[in-house]
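Quick notes on the structure that follows.
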Amino acid sequence: MHKSFGDNEILKGIDLRVSQGEVVCLLGPSGSGKSTLLRCINGLVMPDKGHVSVGGTLIGRKVQNGKLHDLSGREAAVQRERIGMVFQQFNLFPHLDVRENLMLGPRAHRLGGRNELEEKARHLLAKVGLASRVNAYPSQLSGGQQQRVAIARALMMAPDLMLFDEPTSALDPELVGEVLDTMRSLAQDGMTMIVVTHEMAFARQVADRVVFMADGHIVEDAAPAQFFDSPATERARAFLRLA
Ligand code: ADP
Ligand code: MG
């Protein structure tokens with residue numbers, strides 16, 4: 001994939017394949033294009049060249065009469081719901097309680113009846129350790145709890161893939177661990193995950209692969225032990241010295 005903003009080429013030929021159930025940690029210096037890559041993967045941004053497919057489904061485009069067409073805004077939004085995305089900022093709806101935050105997306109897409117979805121919400125909240133906070137408002141929760149709600153909310157849509165963009169970067173240090181634990185348990189359940197993070201210990205322990213980006217290119221793609229213990233490039237060595 002290639003992607004430019006104006007004259008600025010941000011993704012300079014990205015070729016990445018992630019298998020079902022794989023956990024990929026995407027590392028790289030600020031400005032290297034990590035967020036742009038995630039946004040291309042879930043169709044928030046369309047690449048100029050190349051394409052993304054998830055489970056064999058083309059993202060953001062469809063074939064009609066033998067030709068490729070962009071999806072309508074609505075079609076693209078429906079497709080995006082199957083790809084969970086968790087951001088640095090938790091983006092919960094402040095005027096809705098936890099249960100309503102979880103129910104909103106699936107209700108809008110008619111993914112089930114109310115009872116069924118409430119049961120699912122309860123199950124997922126228990127999974128992220130927040131069963132008792134189902135009626136709390138976001139402002140009543142710590143940042144770590146809000147981020148765990150955001151993860152549960154994404155899981156309500158039964159995503160094929162979860163994308164995380166620096167999910168712990170906005171958290172006070174003492175709250176980082178609980179969110180990483182939630183992500184670790186999701187990985188153990190077999191969720192396919194692409195995680196942009198600066199948490200090197202997490203990447204080393206949880207990732208199946210580390211993909212290191214710099215300046216719009218994938219510079220290294222390796223098993224964590226190999227990447228951290230013997231990075232192949234000077235760029236990765238410099239990055240790891242600063243991390
Ligand atoms: P990273 O997440 O690795 O820090 P980003 O993908 O956010 O990198 O950004 C890479 C570069 O792309 C940055 O220089 C940023 O300013 C630029 N960029 C990202 N999104 C846009 C946009 N919508 N319009 C213009 N420039 C953008
Ligand atoms: Mg970013």
Side-chain angles (χ1 to χ4, degrees), residues 1-18 23-52 54 59-61 70-71 73 76-77 79-80 83-92 143-144 146-147 150-151 154 159 161-173 175-176 179-180 183 192-204 206-207 209-222 224 227-228 231-243:
M1 280 190 307
H2 290 255
K3 179 65 191 177
S4 297
F5 293 112
D7 289 339
N8 220 348
E9 192 174 28
I10 304 303
L11 300 181
K12 303 175 179 171
I14 296 288
D15 191 355
L16 179 65
R17 192 176 287 269
V18 177
V23 177
V24 171
C25 281
L26 185 57
L27 310 183
S30 175
S32 54
K34 306 180 299 295
S35 294
T36 302
L37 176 55
L38 289 194
R39 293 162 70 85
C40 285
I41 292 172
N42 85 343
L44 277 170
V45 167
M46 289 302 284
D48 304 320
K49 218 161 104 187
H51 68 271
V52 175
V54 176
I59 298 300
R61 299 207 168 102
D70 286 350
L71 294 183
Q79 191 177 61
R80 251 195 319 274
I83 303 172
M85 184 125 174
V86 175
F87 299 91
Q88 187 171 330
Q89 300 303 332
F90 328 121
N91 297 326
L92 299 177
Q146 289 185 59
Q147 192 61 301
I151 293 170
L161 169 67
M162 285 283 287
L163 306 174
F164 293 85
D165 197 353
E166 304 196 24
T168 60
S169 293
L171 296 176
D172 292 336
L175 302 178
V176 167
V179 172
L180 294 180
M183 293 165 62
T192 311
M193 297 166 56
I194 304 178
V195 182
V196 175
T197 184
H198 298 293
E199 296 292 331
M200 297 301 151
F202 176 85
R204 185 191 271 270
V206 180
R209 259 161 78 204
V210 168
V211 169
F212 173 67
M213 273 182 79
D215 193 26
H217 295 281
I218 291 177
V219 176
E220 298 201 28
D221 183 340
F227 177 77
F228 288 110
T233 62
E234 178 48 37
R235 292 197 95 145
R237 280 192 287 278
F239 174 78
L240 288 171
R241 273 197 295 275
L242 295 172

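Remember, predicted model here, so these are calculated numbers, not experimental data. In each ligand, atom 1 is the first atom listed, and ligand 1 is the first ligand listed.
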Side chain to side chain, Pro47 and Leu11, heavy atoms closer than 4.5 Å: no
Salt bridge Glu234-Arg241, side-chain N to carboxylate O under 4.0 Å: yes
Taking [atom] as the reference point, the nearest protein heavy atom with its distance:
| atom | value |
| --- | --- |
| atom 15 (C) of ligand 1 | Ile10 CD1, 5.0 Å |
| atom 20 (N) of ligand 1 | Phe5 CE1, 3.3 Å |
| atom 9 (O) of ligand 1 | Thr36 OG1, 4.0 Å |

Atom of Pro29, atom of Phe239 and distance for their closest heavy-atom approach: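 What the structure gives for the nearest pair is N-CE1, 3.6 Å.
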Least distance between heavy atoms, Pro159 atom then Gly84 atom: CB-N, 3.5 Å
Atoms of ligand 1 close to Pro29 [distance to a heavy atom under 4.0 angstrom, numbered from 1]: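 Per the distance check, 3 (O).
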Under 4.0 Å to a heavy atom of Ser35 - the qualifying atoms of ligand 1, by number: 1 (P), 2 (O), 6 (O), 7 (O)
Thr36 near the Mg ion (ligand 2): N/O/S under 2.8 Å: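 Looking at Thr36, which is the residue asked about, there is no N, O or S atom under 2.8 Å from the Mg ion (ligand 2).
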Rounded distance [0.5 Å steps], OG in Ser35 versus CD in Glu166: 6.0 Å
Interatomic spacing from CD in Glu9 to NZ in Lys3 - rounded to 0.5 Å: 11.0 Å
Min heavy-atom dist Gly28 to ligand 1 below 4.0 Å: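 Gly28: no contact with ligand 1 (<4.0 Å).
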Polar contact flag for Gly33 and ligand 1 (N/O pairs, less than 3.5 Å): yes
Sub-3.5 Å N/O-N/O distance, Gly31 and ligand 1: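 Yes, since at least one N or O of Gly31 sits under 3.5 Å from an N or O of ligand 1.
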